[in-house]
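Quick notes on the structure that follows.
Per chain, numbering begins at 1; letters A, B, ... match sequence-line order.
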Number of protein chains: 2
Amino acid sequence: MPDIDYVLIFKALGDDKRLKIVQMLSDEEKCACKLLEEFIITQPTLSHHMKILCDCGLVDVRRDGKWSHYSLNGEVLGNLKKFVNKLNDGKDGGALCK
Amino acid sequence: MPDIDYVLIFKALGDDKRLKIVQMLSDEEKCACKLLEEFIITQPTLSHHMKILCDCGLVDVRRDGKWSHYSLNGEVLGNLKKFVNKLNDGKDGGALCK
DNA sequence: TCCTAATATAGACGTTTGTCAATATGTTAA
DNA sequence: TTAACATATTGACAAACGTCTATATTAGGA
């Protein structure tokens, strides 16, 4: 079980490009070259963003020859959901997912 | 219904002080002076952080005379939960909350 | 082997961020 | 009104961030 730094995760998600990348990775793994097509940034900049997403644990890399395939890490994502779902305004019964 | 900027919310949560503040506001409203006690930052710095949390919509202020009481905004928090819960790694049936 | 393609790393640069001291604003009590 | 208190705003500064160009690394095909 990885020790999760939620500040690092939220910081990673606090950028429009990276948040879009995470949404693109939702449900399906994607190659770096495929991700790059969706943005008007250079390849090194994408690589930099992917490093930040990987470093916080939210994204995994699977290297396959020349290609890097990125996907969301299910365990970290699950813990992130738990973390967010635990937050509550005090105005109702503390409902989540019912 | 507010139009929610999730990048702004995640950016707000991507700071250790602010994330702790949000957790402190979970379930119960708190006064600025009470929040300030928990950190070794100056009052203007806390005020700055509260502005960022309010500007993204996640936190509400209720002013009561000299005091400002902060609380989590239930609607924005609910939308944030939905947003995060929709994310999925491709490895299972896309489960959330079952 | 040599060349090309996919990705990563290094270094530079302008912008944004977190913090503070100083000051302003607004509220309550005397 | 004046004083004291709670909070907000301003202006400054160092550190962190997003982006680029240039270069390095690594893999596959000729």
Would you mind classifying the nucleic acid contact of F39(A) as base, sugar-phosphate or nothing, using non-hydrogen atoms under 4.0 angstrom? nothing
Side chains of Y6(B) and C56(B): closer than 4.5 Å at any heavy-atom pair? no
Using modelled atom types and a 3.5 Å cut-off, is there a donor and acceptor pairing between side-chain atoms of D64(A) and backbone atoms of W67(A)? no
Which nucleotide wins on minimum distance to the side chain of H49(A), given the candidates dT7(D), dT19(D), dT7(C)? dT19(D)
Do L58(B) and L77(B) come close enough that some side-chain heavy atom pair is under 4.5 Å? yes
H69(A) side chain reached by V61(A) side chain, heavy atoms, under 4.5 Å: no
Strictly below 4.0 Å: does S68(A) bring a side-chain N or O up to OP1 or OP2 of dA6(C)? no
Rounded distance (nearest 0.5 Å) linking atom OG of S47(B) with atom CG of L35(B): 11.5 Å
Atom CG of L53(A) and atom C1' of dG18(D): how far apart are they, to the nearest Å? 13 Å
What residues in residues 8-24 of chain B put a non-hydrogen atom under 4.0 Å from any atom of DNA chain C? K11(B), D15(B), K17(B), R18(B)
For L87(A), is there any backbone N or O sitting under 3.5 Å from a side-chain donor or acceptor partner on K81(B)? yes
What integer distance in Å separates E37(B):CD from dA6(D):P? 11 Å
R18(B) side chain to H49(B) backbone, donor-acceptor under 3.5 Å: no
Does F39(A) have K17(A) sitting over its ring (NZ/CZ under 6.0 Å from centre, angle to axis within 45°)? no
Mind listing the residues from residues 56-65 of chain B sitting with a heavy atom below 4.0 Å of DNA chain C? Number order is fine. G65(B)
Mark yes or no for whether S68(A), through its side chain, and R63(A), through its backbone, hold a donor-acceptor pair below 3.5 Å. no
Would you check if there is a donor-acceptor pair between the side chains of N73(B) and D89(A) at a distance under 3.5 Å? no
Rounded interatomic separation in angstrom, taking CG from L36(B) and C1' from dC20(C): 13 Å
Please classify the nucleic acid contact of I52(B) as base, sugar-phosphate, or nothing, using heavy-atom distances under 4.0 Å. sugar-phosphate
Value in whole Å for how far the P atom of dT9(D) lies from CG of L46(B): 13 Å
Assuming nearest nucleotide by heavy-atom distance, tell me which of K51(B) and W67(A) is located more 5' along DNA chain D. K51(B)
Give me the distances for all protein-to-nucleotides 20-26 of chain D N/O pairs that come in under 3.5 Å?
residue, atom, partner, partner atom, Å
dC20(D), OP2, T42(A), N, 3.0
dC20(D), OP2, T42(A), OG1, 3.1
dC20(D), OP2, T45(A), OG1, 2.7

Could you label the plane-to-plane angle of the F83(B) and F10(B) rings as parallel, tilted or perpendicular, counting under 30° as parallel and over 60° as perpendicular? tilted
